[in-house]
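See structure below.
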Number of protein chains: 2
Amino acid sequence: MIIDKKERIIEAAATSFSQFGFKATTMASVAKIARVAKGTIYTFFDSKETLFSTILDRTMKNLRQSAEAALQEEAAFHENIQAMLGAILNFRENHQLLIKLGQEAKELGTAEVLEILTQVERMILDYIKSVIETEQAKGISTKHDSELLAFLIYRTYIALISDWERQHTPLPKETITEIIKSQIH
Amino acid sequence: MIIDKKERIIEAAATSFSQFGFKATTMASVAKIARVAKGTIYTFFDSKETLFSTILDRTMKNLRQSAEAALQEEAAFHENIQAMLGAILNFRENHQLLIKLGQEAKELGTAEVLEILTQVERMILDYIKSVIETEQAKGISTKHDSELLAFLIYRTYIALISDWERQHTPLPKETITEIIKSQIH
DNA sequence: AAAATGACCAAAAACCCATATCGGTCAATC
DNA sequence: GATTGACCGATATGGGTTTTTGGTCATTTT
């Protein structure tokens, strides 16, 4: 019974955070959706932040899995990197929670949510870094160390996909591939 | 006399916009600092926006001059590009008007100021583009067309200088040079 | 008559403050 | 021992009132 309740709370919170964002989600409404009393939430989570963290951790785990699934054993390094970046951006653009947090940061500019988003970026960068390091362990040489390379590649990729398209027609896939490739080796 | 007055208004406005930002400068205070009546401002400029535009145009002209001054006839393309980028970033970081507009956009998030800032970015990109095109006209080959190359280089440079340093120790100059270089050829 | 002024106006912003809502607690209940 | 929901202090909200602002224009100054 206990586990079932905790799960219901998490699901209710996930729905609400995704639909209304962090600030506009109230503990009372989460409790109502989860069909528990407000106090019950606090037997599983000490605060709204903690509850949110649980949801975010799950989401990031899903993101890592999506990224992982894009990798192919037999593919070349730069192909895998690009497939992974594509998966990450696709995930970011299709998961309501991250979309909503982005909107919330832009509209309300709350320091709290802004910090959460930098945390998300940090987690993504760490994942990219780990993929690079796995590849390096296999003996593949890179131009820069994994931290810098992850940063450089991720930022460039986002710039080319999201920012460029705000004012231009999308770039051909080969162009993007070529740019990413030239940063690795 | 007329010219003198117009100049006084521009100077007063420049000071005020730089010190207090767009929203917080009032036409009344500009008039007071310039020692003219409020109505007089409107014989030279039709609106606060127009007045501001004049100031911004001057600032951008100064920026272009600073960037221009960093170029050296005998230097290699990538050296000039980097010198120019350095000059632009340095200008951005040291000119009160642009700093203040950045703060204003972050704090108040006014659509008006945000639009001004994208306009500034556009002007900077156009300038970089023109420098690239001058070089291309001399017969130097580049990996990408000038629009994409300007975008790529500028974004990467900002990422490496400003954003990287938010969480890491500054990168050695040679590393930055190398990265920029590899994007050009 | 051309240039300059500042009182004036509608519109927008800032200010107040009573009221509602929120995250979190804990004595009572199951 | 688990669960509840009335309750609390702190913060957010709504909206009526006042102040400030960009812009105008009849009047004055040059």
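Throughout, a chain's letter reflects where its sequence line sits, starting with A, and its residues are numbered from 1.
- C/dA3 atom P lies 17 Å from atom CD1 of B/Ile41, rounded to whole Å.
- One can place CZ of B/Phe20 at 16 Å from C1' of D/dT21, the figure rounded to the nearest angstrom.
- Rounded to whole Å, the distance from NZ on B/Lys32 to P on D/dT20 is 13 Å.
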Can you give me the N/O atom pairs linking the protein to nucleotides 22-24 of chain C at distances under 3.5 Å, or say none if there are none?
residue	atom	partner	partner atom	Å
C/dG23	OP1	A/Thr25	O	3.1
C/dG23	OP1	A/Lys48	NZ	2.9
C/dG23	OP2	A/Met27	N	2.8
C/dG23	N7	A/Lys38	NZ	3.3
C/dG24	OP2	A/Tyr42	OH	2.9
C/dG24	OP2	A/Lys48	N	2.8
C/dG24	N7	A/Lys38	NZ	2.8
C/dG24	O6	A/Lys38	NZ	2.1

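- Cation-pi contact between B/Lys48 and B/Phe17: absent, since separation from the ring centre below 6.0 Å together with deviation from the ring axis within 45° is not met.
- Distance, B/Leu108 CG to C/dA14 P: 9 Å, rounded to whole Å.
- Of all heavy-atom pairs spanning A/Gln136 and A/His144, the tightest one is NE2-O, 3.8 Å.
- Checked by atom type and distance alone, the side chain of A/Lys143 pairs as donor or acceptor with a backbone atom of A/Ser182 at under 3.5 Å.
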Go through B/Gln103 and B/Lys100 one step at a time and tell me if the side-chain hydrogen bond (donor to acceptor under 3.5 Å, both in side chains) criterion holds. CA-CA 5 Å; B/Gln103 289 174 5; B/Lys100 194 70 211 177; 3.2 Å; yes

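- In this view, A/Ser47 and A/Thr50 satisfy the side-chain hydrogen bond (donor to acceptor under 3.5 Å, both in side chains) rule, not counting sequence neighbours.
- Separating the NZ atom of B/Lys5 from the P atom of C/dA2 is a distance of 17 Å, rounded to the nearest angstrom.
- The neighbour count for B/Lys173 NZ, taken as heavy atoms of other residues, nucleotides or ligands under 6.0 Å away, does not exceed 12.
- In this entry the distance linking NZ of B/Lys6 with C1' of C/dA4 reads 16 Å, nearest Å.
- The neighbour count for B/Gln167 CD, taken as heavy atoms of other residues, nucleotides or ligands under 6.0 Å away, does not exceed 12.
- Inspection of the A/Gln82 and A/Thr177 side chains reveals an N or O donor paired with an N or O acceptor under 3.5 Å.
- Distances shown here put a side-chain N or O of B/Thr40 below 4.0 Å from the OP1 or OP2 atom of C/dT5.
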Please write out each protein N/O paired with an N/O of nucleotides 27-30 of chain C under 3.5 Å, distance rounded to 0.1 Å.
none

